[in-house]
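Below: the structure, in structure tokens.
Just follow the structure's listing: the first ligand is 1, and inside any ligand the first atom is 1.
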Amino acid sequence: MGATTIVTRFAPSPTGHLHLGHAHSAIFAWRKAREAAGRFLLRIEDIDPVRCRPDFAAAILEDLAWLGLDWDGEVRVQSAHLPDYRAALDALSARGLLYPCFCTRADIAREIAASASAPHGPDGPLYPGTCRRLSAGERAARIARGEPHALRLDMAAALATLGGPLTFHEEGEGRLRCDPAQFGDAVLARKDVPASYHLCVTHDDALQGVTLVTRGEDLKPATDLHRLLQHLMGWPEPRYAHHGLLTDASGRRLAKRDRAATLREMRAAGTTPQEARRMAGFPEA
Ligand code: GLU
């Protein structure tokens with residue numbers, strides 16, 4: 001494999017069955033790799049034990065194979081690698097870039113309601129920084145008492161490590177400027193799960209040698225934070241290609257929460273893989 005081999009991936013969260021929007025995303029990534037004689041990887045992003053189900057993960061593999069997609073190597077299943085994410089968190093903690101946050105959602109909402117401004121980022125209202133101000137002694141005591149806590153990135157400390165502007169390369173657009181501060185002190189490990197989407201996705205893209213991250217444009221803002229994590233961890237910088245989101249005839253986005261037909265419902269109703277690929281925007285795939 002040459003140094004310039006393109007490696008792409010499809011990284012769904014098994015919280016439901018795949019629909020045409022997922023098919024679009026999967027075929028987009030698969031074609032980018034296959035057209036360049038590169039590698040296409042499949043990763044199951046299932047760190048959330050409440051929302052993710054193994055039967056959905058199994059169904060994803062089956063539906064992709066039905067669509068006619070093949071992937072290279074083993075499927076990485078994130079829930080089987082929690083110690084990897086813990087090691088990354090430990091490395092950030094050792095440099096003073098994380099702090100424990102004991103706040104409940106209600107605590108945060110109360111604090112925000114009481115403050116004059118409530119800035120929002122791509123993941124919702126910004127954390128007001130309550131636990132950033134705890135003393136080392138108080139943190140240690142609360143951890144020793146077994147108080148549940150998340151781990152947050154100290155954004156100001158993280159930004160202070162940058163020597164210059166942070167950018168990423170978007171296919172067709174060139175270099176774009178990142179603004180990770182819009183996320184505030186982002187959660188990198190949740191209370192209930194010892195990791196978070198932002199940490200796991202950047203960790204795994206680096207570990208698996210992904211050179212071109214493809215995903216829906218709804219996740220484009222997250223790239224700003226991902227580039228910061230790559231900088232902090234010394235992980236390589238991939239290129240990015242964010243694709244438009246598939247919409248239905250009335251222009252509504254096909255999302256999991258909508259009642260868009262799933263690939264298996266379409267299949268049961270007699271749709272062929274070729275028709276499904278066409279409906280997913282790839283008539284020639
Ligand atoms: N797992 C994420 C999702 O379900 C996508 C991750 C990514 O492509 O960055 O939407």
Side-chain angles (χ1 to χ4, degrees), residues 6-33 39-54 56-61 63-64 69 71 75-82 84-85 88 122-124 168-171 176 178 180 183 186-188 190 193 195-230 233 235-246 253-258 260 262-263 280:
I6 285 201
V7 182
T8 67
R9 48 58 166 188
F10 178 52
S13 300
T15 57
H17 290 304
L18 299 185
H19 56 69
L20 281 175
H22 297 107
H24 179 76
S25 211
I27 300 170
F28 186 92
W30 176 82
R31 286 203 356 158
K32 288 272 182 212
R39 286 163 55 76
F40 170 67
L41 311 178
L42 177 59
R43 185 165 75 226
I44 299 296
E45 302 210 324
D46 64 342
I47 53 158
D48 185 333
V50 176
R51 297 183 59 232
C52 298
R53 284 181 13 198
F56 287 141
I60 287 173
L61 271 59
D63 290 348
L64 293 176
L69 304 191
W71 50 89
V75 177
R76 180 170 171 95
V77 179
Q78 288 190 329
S79 60
H81 298 282
L82 296 182
D84 288 9
Y85 311 125
D123 288 349
F168 69 94
H169 187 279
E170 175 73 21
E171 232 178 47
L176 302 180
C178 297
F183 283 85
V187 170
L188 294 193
R190 291 166 30 174
V193 188
S196 75
Y197 158 65
H198 298 302
L199 179 81
C200 297
V201 78
T202 41
H203 174 281
D204 285 356
D205 285 340
L207 179 82
Q208 298 188 284
V210 172
T211 63
L212 178 67
V213 171
T214 66
R215 57 187 172 206
E217 63 191 5
D218 53 329
L219 285 170
K220 198 171 179 184
T223 304
D224 294 12
L225 179 56
H226 298 176
R227 287 287 299 116
L228 179 61
L229 294 176
Q230 288 156 2
M233 294 301 297
W235 289 330
E237 177 192 348
R239 289 180 159 230
Y240 292 86
H242 293 93
H243 58 75
L245 302 174
L246 215 59
R253 198 188 135 186
L254 288 176
K256 272 181 263 191
R257 49 190 164 279
D258 294 333
T262 63
L263 296 180

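- Distances from atom 6 (C) of ligand 1 to the heavy atoms of Arg215, His226, Glu45 show the closest one on Glu45.
- The main-chain N or O of His19 is found under 3.5 Å from a side-chain atom of His22 such that the two form a donor-acceptor pair.
- The ligand atoms of ligand 1 that sit less than 4.0 angstrom from a heavy atom of Tyr197 are 6 (C), 7 (C), 9 (O).
- Put simply, the residue from Phe168, Tyr197, Trp235 that forms a ring-ring contact (aromatic ring centres under 6.0 Å, His included) with His226 is Tyr197.
- Residues satisfying the salt bridge (Lys or Arg N to Asp or Glu O under 4.0 Å) criterion with Arg239, sequence neighbours excluded, are absent altogether.
- Contact between Arg43 and ligand 1 is absent, with no heavy atom of the residue lying under 4.0 Å from the ligand.
- Remark: ligand 1 and Ala11 share an N or O pair separated by less than 3.5 Å (distance only, no angle test).
- Note: an N/O pair closer than 3.5 Å links Ser13 and ligand 1 by distance alone.
- Residue Phe10 places every heavy atom at 4.0 Å or more from ligand 1.
- Every side chain to side chain donor-acceptor pair (under 3.5 Å) that His242 has, sequence neighbours left out, goes to Glu170, Arg215, Thr223.
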Problem set entry | Audit row: Arg9, Asp204, side-chain contact (heavy atoms from CB on, under 4.5 Å) steps and yes/no | CA-CA 10 Å; Arg9 48 58 166 188; Asp204 285 356; over 6 Å; no
